[in-house]
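Okay, so here's the structure we're looking at.
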Amino acid sequence: MLKITNLHARVEEKEILKGINLIINPGEVHAIMGPNGSGKSTLASILAGRSDYEVTEGSVEFLGKELLELDPEERAAEGLFLAFQYPVEIPGVTNTYFLRSAVNSIRKYHGQDDISAKDFLALVKEKANMMELDATMLSRSVNESFSGGEKKRNEIFQMAVLDPKMCVLDETDSGLDIDALKIVANGVNALRGPDRSHLVITHYQRLLDYIVPDFVHVLIEGRIVKSGGKELALELEEKGYDFIKEELLAGA
Amino acid sequence: MAVHTPPQTDQFVELQANSKALLEGISPSYFSELREAAIREYTEFGLPTVRDEEFKYLPLHVLREGKYRFGFGAHFERSQLSTLTLADTDAFSFVFVNGQFAPEASSFENLPDGLEVSTFEDADPAVLTQHLSKIASLKGRLGSTNDERFVALNTAFLGEGLVIQVSKNKTIERPIHILNVVSSDDAEFVAPRLLITVGENAEATVIESFETSTGRAFTCPVTEIRLEKSARLEHIKFQNESLDSVHIANIAVHQEEQSVFTSTNVNFGGHSARNDINVWLNGEYTETWLNGANVATGTQVIDNHTRLDHAMPNCQSFEVYKTILKDQSEGVFNGKIFVYEDAQKTDAKQTNQAILLSPTATMNTKPQLEIFADDVKCTHGATIGQLREDAMFYLRARGIEKSKAEALLVYAFAAEVIEKIGPHDVRASLEAALFTKLA
């Protein structure tokens, strides 16, 4: 599905990613954990195609294509989805219009006709129910005056509608209370399947109680320093990131 | 006052002289005095040039070079309304064709209790003499460049017009819509006039639309609005005249204490389009919302001047003006806020934003705050620029191609203003018109 090889990236003169290697197979859920400033969100942004970062070395292969050569909209059409840490408010564009444009753009990319109004409505209703989103939200402007929880639920709702192959969740748990967290996790779990992979980026172990990962990676100072199963997350929760830093120092 | 040399010939002075008999025949006799005083005032200034501070960006040579006739007597079929953007609005509608009331095209059956709408001919003379040209007057107010020559020009043709009166404590749920339609073979001069009074604790919504059915015009409307204590009025003005028309509108508002005035001013049409919206805050704890959405294409010039006179303490005003400019078009925004010495605790926010979609489009923007009180909160911000990067990336990350994302954000930029309009059908029609205008 996704193969990241020796990825280096910087913002202006500051090197943030210093050689990331990661392979995600179809159906797998990987979690990347790390302290603030370790490069977690940078990795998510680079995968989605934000232009603020300069990739200096390495490659990312996504379903056999060189991901870094694609525009953001091409990545989305190929099946990559980024759930934003800070979803953007777009006053003046309704959620419905926005989503329909997205669905139709992706269909166009694959040489398909626009979705019918009826099918679109049915799709949107089903997924909104799943995310426990109020239907009136659809006629409101994108994320405008949404609460933090609504914005995050809206991200997973969009993910469900667009039906991607590779889901990247960038600190989707930040700013959520426990009820909202459960709704978000349920949404993500409902989308798990043998053909869809997830990369869950988080600072805290809490989210991983609900979205149980197959693999956990620890990102510190731009490198994956430790990988393991879901028990690694629990260990991190108990001991903090310092124990890994100490291990690294001891090994050095 | 500066000494002005009147232009050698001004066709509108001549037109006024030739229209006197017609105007006398259709209006109360005491109007002739108002007309004569007004034409004298107008003649003192004549048509503005680029040297006149308040009009320096508005090209008006067509008013000198073209030939205009006074637009009464057009033949108009009700079916011609169907081409207009806001024709289907659910409202009590009053149609004026080239400034002349067309009752056969209007529909205002069953006006509710507390709403009175009358033509000047039928209106209470006391109401007219009390307000006409009194609300639309800057005499004795702050400002060194006050320029009311087009109010005077309109008054010089005072004849047909409408008075809307909402009685004390009445809420009129259904909007009142004045459709000003131009229907001509040639170039018409049209001077619509409207007076709105909203009684104490009363509430109403008034829509004024200006659209061209056929031909072109120089439309020079004046709207005077008075809100009594705790009155609430939503005023929507939509200007979509033909692209060879000139439109110069004046809206003057008087607010008594605790009243709320909301204005949405939308301009897509006209070769040279200008609005002056002047609000006088005469009582404490008033609220004023001035919203503007403008789109200019080709060689259009859209010019908005707004003025808020914070004359009393504890009043709030919020202003958001947005302009989208394509091709070689020009936009102008001048936002004056005067805070008088006594107007402590004034809270005034002004924002004006423009998006230039072509390197040959121009925006001239000038916030103008003059503050004579010391305990006030006044902010203003002007941006001329590009589309938001974060929103662009968000749309593209969902699969929307760059050109489409750009178009969507340009639309959203103006739609953000339009979506604040109260009547749902007006909002939907204007959003559709915006979409068409940008296509």
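Each chain gets a letter, A, B and so on, in the order the sequences are listed, and its residues count up from 1.
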Quiz item: Side chain, backbone, both or neither: which part of A:Val142 has a non-hydrogen atom closer than 4.5 Å to chain B?
Solution: side chain
Quiz item: What do the steps show when you test B:Tyr394 against A:Phe98 for ring-ring contact (aromatic ring centres under 6.0 Å, His included), and what is the final call?
Solution: CA-CA 11 Å; B:Tyr394 193 69; A:Phe98 161 63; 5.8 Å; yes
Exercise. State plainly whether the residues A:Glu73 and B:Lys404 are in salt-bridge range, i.e. N to O under 4.0 Å.
Key: no
Quiz item: If you draw a 6.0 Å radius around OH in A:Tyr53, do more than 12 non-hydrogen atoms from other residues or ligands fall strictly inside?
Solution: yes
Exercise. Pick one of side chain, backbone, both or neither for A:Asn143, based on which atoms fall under 4.5 Å of a heavy atom in chain B.
Key: side chain
Quiz prompt | Segment of B:Lys402 engaging chain A (4.5 angstrom heavy-atom cut-off) | solution = both
Quiz item: Where do A:Gly92 and B:Ala415 come nearest, in terms of heavy atoms and distance?
Solution: O-CB, 3.7 Å
Quiz prompt | Portion of A:Glu144 that has a non-hydrogen atom of chain B nearer than 4.5 angstrom | solution = side chain
Quiz prompt | Segment of B:Glu401 engaging chain A (4.5 angstrom heavy-atom cut-off) | solution = both
Quiz item: How about A:Glu74 and B:Arg396: do any of their side-chain heavy atoms sit closer than 4.5 Å?
Solution: no
Self-check item: Over 12 non-hydrogen atoms of neighbours within 6.0 angstrom of CG in A:Asp113
Solution: no
Quiz item: Are there more than 12 heavy atoms of other residues, nucleotides or ligands under 6.0 Å from atom NZ of B:Lys437?
Solution: yes
Self-check item: Atom CD of A:Glu66: over 12 foreign heavy atoms under 6.0 Å
Solution: yes
Exercise. Please say whether more than 12 non-hydrogen atoms of neighbouring residues, nucleotides or ligands are located less than 6.0 Å from OH in A:Tyr109.
Key: yes
Quiz item: Do you know which of A:Leu99, A:Val93, A:Asp71 has the most heavy-atom pairs with chain B at a distance under 4.5 angstrom?
Solution: A:Val93
Quiz item: Take atom CG in A:Asn189; do more than 12 heavy atoms of anything else shown fall under 6.0 Å from it?
Solution: yes
Quiz prompt | Atom pair CG (B:Asp390) and CZ (A:Phe84), whose distance is rounded to the nearest 0.5 Å | solution = 9.0 Å
Practice problem: Quick one: do B:Tyr411 and A:Tyr97 satisfy side chain to side chain contact (heavy atoms under 4.5 Å, CB included)? Show the steps, please. | Solution: CA-CA 12 Å; B:Tyr411 168 84; A:Tyr97 191 84; 6.0 Å; no
Quiz item: Among A:Ser51, A:Pro164, A:Ser105, A:Ser141, which residue forms the greatest number of heavy-atom pairs with chain B at distances under 4.5 Å?
Solution: A:Ser105
Quiz item: For A:Glu54, does the CD atom have more than 12 heavy-atom neighbours from other residues, nucleotides or ligands under 6.0 Å away?
Solution: yes
Exercise. Quick one: which of A:Ala76, A:Pro91, A:Ala48 has the most heavy-atom pairs under 4.5 Å with chain B, could you say?
Key: A:Pro91
Self-check item: B:Ile400 to A:Ser101 - nearest heavy-atom pair and separation
Solution: CD1-CB, 3.8 Å
Exercise. Under 4.5 Å heavy-atom distance to chain B, tell me which part of A:Arg75 shows up: side chain, backbone, both or neither.
Key: neither
Exercise. Please report the C-alpha distance between A:Val88 and B:Phe393 in whole Å, then the side-chain angles of each, then the deciding distance to 0.1 Å, and finally whether the side chain to side chain contact (heavy atoms under 4.5 Å, CB included) criterion is met.
Key: CA-CA 9 Å; A:Val88 179; B:Phe393 179 65; over 6 Å; no
Quiz item: What part of B:Leu409 is in contact with chain A, defined as an atom under 4.5 angstrom from a non-hydrogen atom: side chain, backbone, both or neither?
Solution: side chain
Quiz prompt | Full working for side chain to side chain contact (heavy atoms under 4.5 Å, CB included) between A:Ile90 and B:Leu395 | solution = CA-CA 9 Å; A:Ile90 311 182; B:Leu395 294 173; 3.8 Å; yes
Quiz item: Do other residues, nucleotides or ligands put more than 12 heavy atoms under 6.0 Å from the NE2 atom of A:His110?
Solution: yes
Quiz prompt | Working for salt bridge (charged side-chain N to carboxylate O under 4.0 Å, His left out), residues B:Arg398 and A:Glu155 | solution = CA-CA 10 Å; B:Arg398 294 295 174 258; A:Glu155 292 293 290; 2.7 Å; yes
